[in-house]
Amino acid sequence: MKVLVAVKRVVDANVKVRVKADESDVELSNVKMSINPFCEIAVEAALQLKESGQASEVIAVSVGPDVCQEQLRTALAMGADRAVLIKTGNDLEPLAIAKLLYTVTQREEPGIVLLGKQSIDGDNNQTGQMLSALMGSAQGTFASQINVVGDWVNVIREVDGGLETRSLRLPAVITADLRLNEPRYASLPNIMKAKKKPLEVIDASDLGVDIAPRLKVIKVSAPPERKAGIRVNSVQELVEKLKNEAGVI
Ligand code: AMP
């Protein structure tokens with residue numbers, strides 16, 4: 001069984017994101033970029049499926065400009081067997097990404113498609129769900145545990161009330177939540193080896209998919225600055241202020 005894992009290039013989670021002066025977007029020039037953290041977890045899950053003998057091949061796929069090859073090389077250094085970049089210009093919407101990923105699933109016919117539950121830049125939380133609809137397959141989102149049993153995969157999902165276990169018939173789409181695993185670091189020898197692993201580049205315009213935008217960003221603005229707090233000298237003073245100034249008790 002092949003496992004396809006979708007990897008998105010995003011601003012590194014440790015970077016303090018700044019809004020552009022014209023409020024059209026966030027500043028991306030000279031900013032450190034990385035694999036979306038939830039996609040790293042998805043890559044780790046795919047590698048564990050291969051190491052346990054349940055998957056035969058792990059294929060990392062990214063949609064975006066040429067520079068996304070950096071993140072695909074990281075996935076290869078972690079242990080993926082090969083990678084596919086679907087080359088596009090601008091940032092695409094989740095539906096367009098899902099349609100492009102769908103073309104790869106049609107070609108590769110993976111048993112499991114793993115994605116992150118969400119990208120930390122757009123916070124969309126849509127691509128996996130849309131992809132599963134296009135594939136007509138089962139979906140297990142927010143996965144914190146995955147267990148393949150024959151033609152089925154049991155997924156423990158993190159839901160509001162606790163944990164939900166679902167059995168999905170393969171092929172299935174699974175999106176990774178934070179507690180699924182701790183992604184491995186790529187070792188230096190593996191980073192070197194990854195440079196020789198196959199990375200195929202496909203131009204999105206050759207796939208005959210409608211990726212025209214359906215949304216328009218009107219404005220991007222920074223959250224309001226938090227006002228400084230005050231220090232009180234006693235519990236009595238705190239209670240007095242909460243009662244008479246804040247009016248919350
Ligand atoms: P989103 O729906 O944007 O929150 O993204 C959820 C997941 O979809 C990500 O964690 C990725 O696994 C996948 N995904 C989103 N955008 C891309 C992209 N440009 N290339 C590859 N995978 C993507």
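When reading the values below, keep in mind they use all heavy atoms of this one structure, side chains included, and skip hydrogens, waters and symmetry mates. All ligand and atom numbering here is 1-based and tracks the order in the structure. This structure is a prediction, so every number in the text was calculated from the model and none was measured.
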Which side-chain N or O atoms in residues 165-172 pair as donor and acceptor under 3.5 Å with protein atoms at least two apart or in another chain?
unit_1: Arg166; atom_1: NE; unit_2: Glu164; atom_2: OE1; d: 3.0
unit_1: Ser167; atom_1: OG; unit_2: Asn154; atom_2: OD1; d: 2.4

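For the side-chain contact (heavy atoms from CB on, under 4.5 Å) with Leu100, the qualifying choice from Leu92, Ile202, Leu131 is Leu92, the only one to do so.
With respect to Asp210 and Arg214, a salt bridge is recorded, a charged nitrogen being found less than 4.0 Å from a carboxylate O. Salt bridge Arg82/Glu57: present, at least one basic N to carboxylate O contact under 4.0 Å.
Listed by chain and number, the hydrophobic cluster partners of Leu163 are Ile156, where partners are ILVMFWY side chains within reach of under 4.5 Å, directly or through others. Residues near Ile218 contribute nothing to a hydrophobic cluster around it, because no ILVMFWY side-chain heavy atom sits closer than 4.5 Å to its side chain.
Using a 4.0 Å heavy-atom criterion, the residues that approach ligand 1 are Ala6, Val7, Lys8, Asn36, Cys39, Val61, Ser62, Val63, Ile97, Leu115, Gly116, Gln118, Ser119, Asn124, Asn125, Gln126, Thr127.
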